[in-house]
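The block underneath contains the structure these notes are about, expressed in structure tokens.
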Amino acid sequence: MTAAILDGKALAEELRATFKARVAALTAQGQRPGLAVILVGEDTASEVYVRNKVNACEAAGIFSQKITYPADVAPGTVLLKIAELNFDPAIHGILVQLPLPRQFDEKAVLAAIAPEKDVDGFHAENVGALAQGAPRFIPCTPYGVMKMLAAHNINLAGKEAVVIGRSNIVGKPMTLLLINAGATVTVCNSKTRDLALHTRRADILVAALGKPRFITADMVKPGAVVIDVGINRLPEGGKLCGDVDFENVKAIASLITPVPGGVGPMTVAMLLANTIESAERKNQP
Ligand code: NAP
């Protein structure tokens with residue numbers, strides 16, 4: 001069997017085409033969606049991510065505001081800015097690019113964002129709502145994965161799903177979404193004994209561990225759906241690769257996401273979706 005490719009780039013483009021009409025309708029009603037992105041420091045990867053997000057907003061007609069601070073900024077300055085943005089009627093989404101420099105308490109920063117503008121879905125109130133099965137904002141990366149699965153009519157109820165990684169950004173919200181969809185979910189981490197024992201049982205395997213080509217063909221059940229969240233830069237030549245050994249795993253999986261061009265573009269698309277949803281909620285009578 002050779003797996004079909006879950007093309008995140010194409011699906012993201014399809015979605016973004018539908019966003020334009022929603023943004024135009026909101027703008028016509030005086031509620032143009034607006035996203036504020038805060039970037040602290042000069043981390044190259046973060047700068048690229050922020051640039052992609054701002055460009056994607058512009059292409060969709062969403063107002064975007066990029067706010068940058070030097071790495072040694074006082075946390076109070078950033079918190080004050082967040083407080084201001086919380087009350088800014090032109091802003092429907094606030095995103096603080098992570099990771100933050102050492103002097104910051106990341107939890108305190110995320111808690112400062114108004115939950116109704118928390119388009120990353122990292123505020124404890126929004127995490128709680130997701131855990132209860134009534135999400136307000138779904139974190140962008142797992143939201144994108146769910147959209148990809150839905151686009152391929154993958155019914156999750158009763159399926160064995162295995163998530164590798166338990167981060168707040170990917171692994172945990174991914175797990176909650178799969179649970180809410182009726183899958184039987186196993187979550188693995190770096191302490192898991194015999195990882196392959198778990199991964200080989202997976203009908204749906206989500207790799208989010210951040211280790212290049214770690215998931216090899218012998219760890220995958222024939223016919224499995226394999227979602228590769230990982231983005232790793234190979235030391236030789238700086239080429240991007242995922243957490244899955246794509247070439248070999250694609251020979252036995254039924255569906256697989258490539259890296260690049262899989263989950264990555266969907267993450268940006270879902271950030272736009274969350275910002276538009278936020279503006280639509282505010283626009284309700
Ligand atoms: P993270 O915070 O470093 O979390 C990695 C998780 O993987 C941890 O829970 C860790 O376990 C677990 N892990 C590490 N080695 C393992 C092993 N050998 N076996 C089993 N579990 C292992 O990373 P993250 O933020 O979740 O990101 C994961 C990957 O996704 C990274 O490559 C990142 O760049 C990528 N990413 C991609 C997107 C996208 O849009 N495509 C978005 C976000 C992240 P412990 O908890 O025990 O340490």
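One-based numbering, in listed order, for ligands and for the atoms of each. Residue numbers start at 1 and run along the sequence shown.
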Can you produce the list of protein nitrogen or oxygen atoms under 3.5 Å from a nitrogen or oxygen of ligand 1, alongside each distance?
from, atom 1, to, atom 2, distance (Å)
ligand 1, 9 (O), R166, N, 2.9
ligand 1, 11 (O), S190, N, 3.1
ligand 1, 15 (N), K211, NZ, 3.0
ligand 1, 21 (N), N189, O, 3.3
ligand 1, 21 (N), S190, N, 3.3
ligand 1, 26 (O), S167, OG, 2.5
ligand 1, 32 (O), I231, N, 3.1
ligand 1, 32 (O), I231, O, 3.4
ligand 1, 34 (O), I231, O, 3.4
ligand 1, 40 (O), T267, OG1, 2.7
ligand 1, 41 (N), V229, O, 3.3
ligand 1, 46 (O), R166, NE, 2.6
ligand 1, 46 (O), R166, NH2, 3.3
ligand 1, 47 (O), R166, NE, 3.4
ligand 1, 47 (O), R166, NH2, 2.7
ligand 1, 47 (O), S190, N, 3.1
ligand 1, 47 (O), S190, OG, 2.6

Could you give all pairs that pass the salt bridge (Lys or Arg N to Asp or Glu O under 4.0 Å) test and reach residues 73-88, with sequence neighbours left out? K81-E84
For T192, check side chain to side chain contact (heavy atoms under 4.5 Å, CB included) against everything at least two apart and list the hits. C188, N189, L195, H198
Would you please name every residue forming a side chain to side chain contact (heavy atoms under 4.5 Å, CB included) with N232, sequence neighbours left out? P212, C241, D243
Please confirm whether R136 makes a cation-pi placement over Y143, using NZ or CZ under 6.0 Å from the six-membered ring centre and within 45° of the ring normal. no
Pair N248-D245, side-chain donor/acceptor within less than 3.5 Å: yes
Looking only at side-chain N and O atoms, does H92 offer a donor or acceptor that is under 3.5 Å from a partner on Q31? yes
